[in-house]
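Proteins come first, then strands; the chains are lettered A, B, ... in the order of their sequence lines, and each starts at number 1.
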There are 2 protein chains.
Amino acid sequence: MTTRPGGRSARVRAAVLDATYAELVERGYLGLTVENVAARAGVHKTTVYRRWATIDLLIADALDSSRDTGWPAPDTGSVEGDLIAIADEIVTVFADPARRAVPEAVVTAALHSGRARQAKRDFYAARHDQAAAVVRRAVQRDELPPGTDAVELIRLTCAPLYYRIFITGEPVDHATAERSARAALAAARAGLLRTWDATGPVSSPSRTAVDRLR
Amino acid sequence: MTTRPGGRSARVRAAVLDATYAELVERGYLGLTVENVAARAGVHKTTVYRRWATIDLLIADALDSSRDTGWPAPDTGSVEGDLIAIADEIVTVFADPARRAVPEAVVTAALHSGRARQAKRDFYAARHDQAAAVVRRAVQRDELPPGTDAVELIRLTCAPLYYRIFITGEPVDHATAERSARAALAAARAGLLRTWDATGPVSSPSRTAVDRLR
DNA sequence: CTCCAATCGCAACTCGTGTTGCGTTAGCCT
DNA sequence: AGGCTAACGCAACACGAGTTGCGATTGGAG
């Protein structure tokens, strides 16, 4: 997608990656074969095989392409609202069989291929950073203790949902999302997620919030 | 394993399931083929194919067999110590390539087969129930608010670790385990994990802890 | 405009997984 | 102990994913 309109190579690459997404949504990871992807992309299967050794590398490449796609972080006015919105979006995605097929395939592929594992790591790192904006905002608004690890709070918010979905196989709903967000928030408010030592006065990188209290 | 010494069928079944575990540890999910399992079990491959249609069903059956194996919940004297011990065990398991192969295979198999998904769900439900004992103890000792959802506290303790391991691909260590346990505990102590309504006096199913305070 | 290198399409092939039919063996029941 | 049924071993086969060699096409450079 970087050089979308370009030489034949770029055109073929884009067509194949698009076809991969489409096949993934339609048939899931299991039904994903190189032949089907090639057929949908209007390309011969050898072309696909020559460029991507396995399906997992194909998924990894497709994920890389979509990583830099903009993802708008919610802005409800409060951290609590924002975190619940983030958690709710996860619930919504996994409630739709078509949409949940993509992350499921990514997780599966990452368990098979180191390259896919790397792509997945990069993808979630980017997403976490984008989502962490709501936390950084909250710290500036004194809603949360200064020095709160923004990404860690995002992790704690999402983790219980993914845990249920991928590990225990338990259902998730709006109540689950709300509970996860509130629990994570409780830890943050208790000062358990501070990056720098919280036991005493330190040379903090930013004491603006504290200073403003005086 | 239920009727270990029995007819030929039971013997073959046990041999195959044992071989499945051994192959899983040695070669991982990817290297797991029916032929290898059959060879190690001293059985012909058609015998395996006739009983278990796919590898995933084989893994599911092996998981079922190991579900009722006793798992000793830690008892350090405090909930915090117990939860950290539980979290630490997860870190330890996934630090060992051989031991992490099993849960990884289970998660992969569950994404492929409904039968494996069910086996995984049952397994974690049993584990959660066993681990929840430390929480129930803590509630009785008044370390935690009465009505605290024991299993939910266990979920919140484990979730951030599994999230890093399976989803984001970030590393886990003792510090991660400790932080997860403490964060979950903060939510529980804040009364966010109560099963019954916490906003006022209710007809609670069990007010023993409250009664004892008088 | 022409040539050249890279890439693609095509068909035939290899190889491993999973299947099938049949003969054989083991365990249980009277 | 003898027979009966269910399960197993074996070999041959079917099928599809992935590979390979070669000719054809594309897009850019001089």
What is the separation between atom NZ on Lys45(A) and atom P on dA11(C), rounded to the nearest whole Å?
12 Å
Please determine if a side-chain N or O atom of Thr47(A) lies less than 4.0 Å away from the OP1 or OP2 oxygen of dG9(C).
yes
Can you tell me how far C1' of dG18(D) sits from CZ of Arg51(A), to the nearest Å?
18 Å
From CZ of Arg50(B) across to P of dT19(C) the rounded distance in Å is 11 Å
Is there a side-chain contact between Arg11(B) and the phosphate of dA26(C), meaning an N or O under 4.0 Å from OP1 or OP2?
no
Over how many whole Å does the gap from Glu35(A) atom CD to dA11(C) atom C1' extend?
13 Å
Remember a base hit wins even if backbone is also touched, and classify Thr33(B) as base, sugar-phosphate or nothing at under 4.0 Å, heavy atoms.
sugar-phosphate
Considering just the side-chain nitrogens and oxygens of Tyr49(B), establish if one lies under 4.0 Å of OP1 or OP2 belonging to dT19(C).
no
How many Å lie between NE2 on His44(B) and P on dG21(C), as a whole number?
17 Å
Is the shortest side-chain N to carboxylate O distance from Asp129(B) to Arg136(B) below 4.0 Å?
yes
Which of these passes ring-ring contact (aromatic ring centres under 6.0 Å, His included) with Tyr162(B): Phe166(A), Tyr163(A), Tyr162(A)?
Tyr163(A)
Figure out the CG/P separation between Asn36(B) and dG18(C), and round it to whole Å.
12 Å
How many angstroms lie between atom OG1 of Thr33(B) and atom CG of Asn36(B), to the nearest 0.5 angstrom?
3.0 Å
Starting from P on dA17(D), measure out to NE2 on His112(A) and report it in whole angstrom.
16 Å
With a cut-off of less than 4.0 Å, is there a side-chain N or O of Arg13(A) near OP1 or OP2 of dT7(C)?
no
Please determine if Arg115(A) and Asp64(A) form a salt bridge, counting it only when a charged side-chain N lies under 4.0 Å from a carboxylate O.
yes
